[in-house]
Amino acid sequence: MRSRRSLFFTWLVWAVLVLAADQLTKVWALRNLVEGERHSLIGDALGLQLLFNPGAAFSFGVGTTAVFTVISTIVVIGLPFYTLKSTSRVWVSVLAVVWGGAAGNLVDRLFRQPSFGRGHVVDFIAYGNWFIGNVADIALVAGIAVVAILTLAGVAFTVDPGDEAGGEFGGEIEGTGERADNSQNTDVEEDGPQNTSLEEASAPDMTELPHTEPGTSDDAPILGEGTDA
């Protein structure tokens with residue numbers, strides 16, 4: 001079974017990478033973009049445009065900042081405990097990405113203007129004329145989509161050690177079985193000398209029988225005795 005330390009390290013790496021990528025790109029956007037000014041990347045389909053969003057991902061739910069702050073706080077606090085119940089590295093990695101996205105936007109809501117808990121999230125990736133988002137939004141949406149795929153595909157949240165390690169654990173199991181067979185064979189072989197001893201015990205000791213010369217017998221008549229001359 002994978003060690004808890006290894007799984008926690010996997011979770012930590014993905015979570016920190018997503019959170020760091022989100023916050024660093026937001027710092028870059030604040031330094032290099034002007035609010036409301038659009039910079040085209042792929043025609044009108046994709047561009048950069050700074051926006052301070054009081055709502056949810058991709059500028060949805062404007063005007064409900066406090067509600068999303070509470071929801072994000074619950075997710076950020078509770079999700080790691082749930083995630084580390086898993087023994088699947090895939091599940092741990094995906095949920096770490098989701099956590100990183102939720103934490104990235106929660107940092108903005110807690111510490112940015114206008115006030116604590118009501119801060120506006122920094123968005124700067126413009127998708128056509130539909131919405132504007134950030135790296136945390138991408139991590140959230142992509143992570144939740146992968147969670148849905150894993151669930152539909154039946155990928156186990158907790159993995160049996162033999163299934164997870166494949167040949168490594170299988171080899172140990174097979175080797176154990178082989179050693180067990182060998183021990184049984186050894187027991188059978190050890191029984192052999194005992195059986196031989198029984199046979200030797202039941203066999204007569206030929207050395208204790210009276211010795212007679214060939215051609216003679218105790219019952220053979222002696223010349224001159226019991227016969228007429």
Side-chain angles (χ1 to χ4, degrees), residues 9-80 83 88-153 155:
F9 181 75
T10 298
W11 178 88
L12 185 65
V13 168
W14 281 105
V16 171
L17 282 176
V18 173
L19 179 59
D22 176 68
Q23 291 299 307
L24 289 174
T25 53
K26 286 174 178 176
V27 170
W28 176 88
L30 290 171
R31 291 180 178 179
N32 294 277
L33 301 177
V34 177
E35 185 178 5
E37 183 178 323
R38 187 183 181 97
H39 301 271
S40 177
L41 295 177
I42 305 177
D44 295 332
L46 185 66
L48 299 175
Q49 182 176 340
L50 183 62
L51 173 70
F52 296 98
N53 174 23
F58 300 114
S59 301
F60 292 120
V62 175
T64 57
T65 304
V67 174
F68 287 112
T69 299
V70 172
I71 295 174
S72 298
T73 302
I74 294 173
V75 171
V76 169
I77 293 176
L79 188 57
T83 301
S88 166
R89 195 176 297 277
V90 174
W91 273 104
V92 169
S93 300
V94 172
L95 292 177
V97 171
V98 173
W99 184 92
N105 284 339
L106 179 61
V107 169
D108 287 9
R109 292 190 177 99
L110 291 177
F111 301 110
R112 295 194 185 278
Q113 296 296 327
S115 63
F116 180 82
R118 294 180 177 273
H120 294 179
V121 176
V122 176
D123 289 338
F124 61 93
I125 304 174
Y127 301 88
N129 295 319
W130 299 302
F131 44 77
I132 302 175
N134 54 41
V135 173
D137 296 337
I138 296 173
L140 277 170
V141 173
I144 292 172
V146 175
V147 166
I149 293 172
L150 293 177
T151 302
L152 293 174
V155 177

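Numbering of residues begins at 1 and proceeds along the displayed sequence. Treat the numbers as computed from the prediction; the structure is a model and nothing was measured.
For residues 36-47, there are no salt bridge (Lys or Arg N to Asp or Glu O under 4.0 Å) pairs, not counting sequence neighbours.
In this structure, CD1 on I144 lies 12.5 Å from CD1 on I149, to the nearest 0.5 angstrom. The CZ atom of R118 sits 14.0 Å away from the CD atom of Q113 when rounded to the nearest 0.5 Å. The distance from the CD1 atom of I74 to the OG1 atom of T69 is 11.0 Å, given to the nearest 0.5 Å. Note that CG of N134 is 5.0 Å distant from CG of D22, once rounded to the nearest 0.5 Å. For the atom pair L51 CG and F124 CZ, the distance stands at 12.0 Å (nearest 0.5 Å). Rounded to the nearest 0.5 angstrom, L79 CG and W11 CH2 are separated by 8.0 Å.
Using a 4.5 Å heavy-atom cutoff, the side chains of R109 and V121 are in contact. In this structure, I125 and I132 have side chains that are not in contact, with every pair of non-hydrogen atoms separated by 4.5 Å or more. For the pair L50 and V34, the minimum side-chain heavy-atom distance is 4.5 Å or more. Side-chain contact between N32 and L48 is absent, with no heavy atoms from C-beta onward closer than 4.5 Å.
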Listing, residues 91-104 side-chain donor-acceptor contacts under 3.5 Å, not counting sequence neighbours, or none:
unit_1, atom_1, unit_2, atom_2, d
W91, NE1, V155, O, 3.0
W91, NE1, A156, O, 3.3
S93, OG, W14, NE1, 3.4
S93, OG, R89, O, 2.8
W99, NE1, V76, O, 2.7

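Residues that satisfy the salt bridge (charged side-chain N to carboxylate O under 4.0 Å, His left out) test with D108, not counting sequence neighbours, are K26, R112.
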